[in-house]
Amino acid sequence: MTSTVPALHPAVAEFVAADRKMLIGGRWVDAVSGKTFETHDPATGNLITRVAMGEAADIDAAVTAARAAFEGPWSRMKPNERERLIWRVGDLLSERAEIFGQLEALDNGKSVAIATAVDVGWSADVWRYNAGLTTKITGTSVNPSMPFAPGGQFHAYTRREALGVCGQIVPWNFPILMATWKLAPALAAGNTVVLKPAEQTPLSALLLGEIFEEAGFPPGVVNIVPGFGDAGAALAAHLDVDKVAFTGSTEVGKKIVHAATGNLKKVTLELGGKSPNIVFADADLEAAVAGSVAAWMFNHGQCCVAGTRMFVQRDIFDDFTQAVADAAAQAKIGPGLDPTTELGPLVSQEQFDRVSGYIEAGLADGGRALTGGKRWGESGYFIEPTVFVDVEPGFSVVDEEIFGPVVAALPFDDEEDIAAAANKSIYGLAAGIWTKDLSKAHRTAAAVQAGSVWVNQYNGFDTALPFGGFKQSGWGRELGDSAIDLYTQVKAVNIAL
Ligand code: NAP
Ligand code: MG
């Protein structure tokens with residue numbers, strides 16, 4: 001198969017022609033150390049551009065700027081003024097969807113069509129949804145009984161207040177979308193932010209930084225410090241940061257919790273998964289095949305919610321897994337910038353090695369690949385979509401998050417058995433259920449341990465629906481109005497009249 005990569009949009013070409021700086025206190029600055037790092041095109045391994053490399057000193061400067069903005073203009077702004085600024089970010093993103101989409105596809109490797117429609121298009125929606133929430137953050141009024149003060153009269157109410165300076169650390173799989181999920185509610189609730197994008201994909205967040213200036217945000221409300229894990233660690237440990245929100249691996253999530261103990265800052269975690277996708281024999285099988293392929297192949301399997309344990313009822317197991325393998329094998333592989341690409345490269349050499357290692361381990365353990373099982377092409381970080389059968393719990397391909405286009409298929413007999421099998425995981429992020437039996441769907445939805453359950457679809461996200469994990473998949477719920485809870489604290493005021 002051949003691929004045609006169109007010329008870069010002039011705005012993207014211009015953006016990557018220069019080294020990129022970091023955004024601190026409304027100014028674009030070099031790292032204190034003067035150091036930079038490279039970001040690469042995963043389809044070729046070629047250098048895209050160099051980026052200022054933030055470390056602890058830069059994080060410190062960004063936190064100082066965020067604190068000054070929090071205590072200054074931002075906290076004096078009315079909710080409807082914040083609303084207009086946040087709405088404007090959504091509009092500017094929509095206007096520039098093509099530019100942001102192409103930059104994201106270039107830096108991350110994902111399909112430009114998906115980057116534009118899903119990553120950028122949905123981000124715009126999340127900005128607008130949160131703009132609407134700014135004016136709806138309310139407390140309650142309470143009529144206290146006050147058993148210690150009989151006869152007294154009281155008026156009590158609660159206020160929902162911003163936390164202050166929030167540190168936000170995001171991964172490379174949905175760079176601008178994960179930044180948006182965190183930034184939009186934090187700003188809507190009146191906080192200021194220091195954002196650390198992933199070292200593999202810093203560019204879309206830096207381009208977003210230009211939008212804040214243009215939309216009219218006061219300097220220092222949003223600060224963006226690209227860098228490596230040590231910059232994230234400095235942010236998580238910083239004593240003047242009131243909250244840290246993290247999306248990434250469960251391993252680093254645990255480090256964040258430890259780092260936060262110095263000042264007991266609030267912590268939100270959105271971590272890994274090994275989500276079950278359960279196919280009953282009575283499902284609409286055509287829809288279930290297509291949906292089950294997307295469940296683990298979307299974004300090249302680099303999704304925290306990927307449905308990578310595909311449980312199929314035994315009567316249909318052989319036919320169904322073969323149909324999934326056949327459909328997966330037809331995906332057009334190529335660079336994300338080619339608009340006809342269906343499966344792009346993994347994000348980095350490290351991720352390529354990691355996924356290749358899991359495939360080798362799956363084969364060595366006795367698993368059989370119905371399709372895939374090896375590298376695609378000679379350059380770039382491409383892996384063939386891989387469907388494993390003859391696998392069982394205990395194999396690393398069944399138990400561990402792979403974060404590549406690899407699924408493990410497991411048979412099950414009855415509805416009574418499936419929840420126990422599906423719940424045999426340290427994770428609990430998402431689950432898919434395919435059946436035409438409504439009662440069975442509801443029973444299974446209640447029995448699976450997962451923060452999101454999708455019936456007769458997969459990746460059934462919505463801006464208004466809370467998202468987050470059970471068990472070791474995380475703490476807290478992003479999206480929906482529950483995201484505001486993550487970025488506010490409640491104050492109870494009780495007045496003796
Ligand atoms: P990761 O290390 O957890 O990276 C996520 C973010 O945390 C990045 O911004 C990273 O910065 C930063 N970071 C790294 N070490 C840190 C530390 N000690 N303190 C604070 N921040 C730190 O994930 P990864 O290494 O890129 O990927 C490894 C595996 O994690 C994947 O194979 C996948 O299984 C899982 N993962 C899950 C998600 C998800 O959405 N749940 C997303 C990505 C990866 P740098 O990029 O500069 O290191
Ligand atoms: Mg890159």
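Counting starts at 1 for both ligands and their atoms, in listed order.
- Of all the atoms in ligand 1, the ones that sit under 4.0 Å from a non-hydrogen atom of Val170 are 6 (C), 8 (C), 9 (O).
- Remark: the backbone N or O of Phe174 is not paired with any side-chain donor or acceptor of Asp119 at under 3.5 angstrom.
- When hydrogens are left out, the protein atom nearest atom 2 (O) of ligand 1 is Val252 CG2, 3.5 Å; that is the closest non-hydrogen contact.
- Ranking protein heavy atoms by distance to atom 35 (C) of ligand 1, first place goes to Glu401 OE1, 3.5 Å.
- The closest protein non-hydrogen atom to atom 15 (N) of ligand 1 is Gly229 CA, 3.5 Å.
- Contacts between Gln302 and ligand 1, counted as non-hydrogen atom pairs separated by less than 4.0 Å, are absent for every part of the residue.
- Contact annotation for Thr247 and ligand 1: heavy atoms of both the backbone and the side chain come within less than 4.0 Å of the ligand.
- Put simply, the side chain of Glu401 gets close to the backbone of Gly273: a donor and an acceptor are under 3.5 Å apart.
- Within the structure, ligand 1 has Gln351 among the residues with a heavy atom less than 4.0 angstrom away.
- When each atom of ligand 1 is checked for a heavy atom of Gly227 under 4.0 Å away, the hits are 47 (O).
- Residue contact check: Pro171 has heavy atoms under 4.0 Å from atoms 42 (C), 43 (C) of ligand 1.
- Screening Asp19, Thr36, Thr39 for a side chain to side chain donor-acceptor pair (under 3.5 Å) involving Arg50 leaves a single residue, Thr36.
- Nearest non-hydrogen protein atom to atom 48 (O) of ligand 1 is Glu199 OE1, 3.4 Å.
- Remark: atom 25 (O) of ligand 1 lies closer than 4.0 Å to no protein heavy atom.
- Under the 4.0 Å distance rule, the nearest protein heavy atom to atom 4 (O) of ligand 1 falls outside the cut-off.
- Closest protein heavy atom to atom 11 (O) of ligand 1: Lys196 NZ, 2.8 Å.
- Checked by atom type, the side-chain pair Ser94/Arg128 shows a donor-acceptor distance below 3.5 Å.
- A ring-centre distance under 6.0 Å is not found for Trp296 and Phe388.
- A salt bridge links Asp242 to Arg67: one of the charged nitrogens lies within less than 4.0 Å of a carboxylate oxygen.
- Those atoms of ligand 1 with a heavy atom of Gly232 less than 4.0 angstrom away are 19 (N), 20 (C), 21 (N).
- Here the protein heavy atom with the shortest distance to atom 12 (C) of ligand 1 is Ile169 CG2, 3.7 Å.
- Between Phe461 and Trp454, the ring center distance clears the sub-6.0 Å criterion.
- Looking at Ser249, Ser348, Ala234 and measuring to atom 30 (O) of ligand 1, the nearest heavy atom belongs to Ser249.
- Looking at Phe246, Phe403, Tyr427 and measuring to atom 33 (C) of ligand 1, the nearest heavy atom belongs to Phe403.
- The distance criterion of under 3.5 Å between nitrogen or oxygen atoms is not met by Cys304 with respect to ligand 1.
- Under the 3.5 Å distance criterion, the side-chain polar atoms of Lys110 are matched with a main-chain donor or acceptor of Asn173.
- Per-residue contacts place Lys255 under 4.0 angstrom from the following atoms of ligand 1 (heavy atoms of the residue considered): 18 (N).
- Any N or O atom pair closer than 3.5 Å counts here, and Gly248 shares at least one such pair with ligand 1.
- Proximity to Ala198 (heavy-atom distance under 4.0 Å) selects the following atoms of ligand 1: 9 (O), 46 (O).
- For the pair Glu270 and Lys182, the salt-bridge criterion is not met [side-chain N within less than 4.0 Å of a carboxylate O].
- Close approach of ligand 1 to Trp172 is summarised as follows: ligand atoms under 4.0 Å from at least one heavy atom of the residue are 24 (P), 26 (O), 27 (O).
- Interface atoms of ligand 1 facing Gln200, defined by a heavy-atom separation under 4.0 Å, are 26 (O), 46 (O).
- Here Thr268 contributes atom OG1 and Ile256 contributes atom CD1; the two are 11.0 Å apart, rounded to the nearest 0.5 Å.
- We find that Lys374 and Glu384 are joined by a salt bridge, their nearest charged nitrogen and carboxylate oxygen being less than 4.0 Å apart.
- Using modelled atom types, one finds a donor on one side chain and an acceptor on the other under 3.5 Å when comparing Tyr358 with Glu400.
- By the 30° and 60° cut-offs, the orientation of the rings of Trp181 relative to Trp122 is perpendicular.
- When hydrogens are left out, the protein atom nearest atom 32 (O) of ligand 1 is Arg354 NE, 2.7 Å; that is the closest non-hydrogen contact.
- A salt bridge links Arg96 to Glu214: at least one charged side-chain nitrogen sits closer than 4.0 Å to a carboxylate oxygen.
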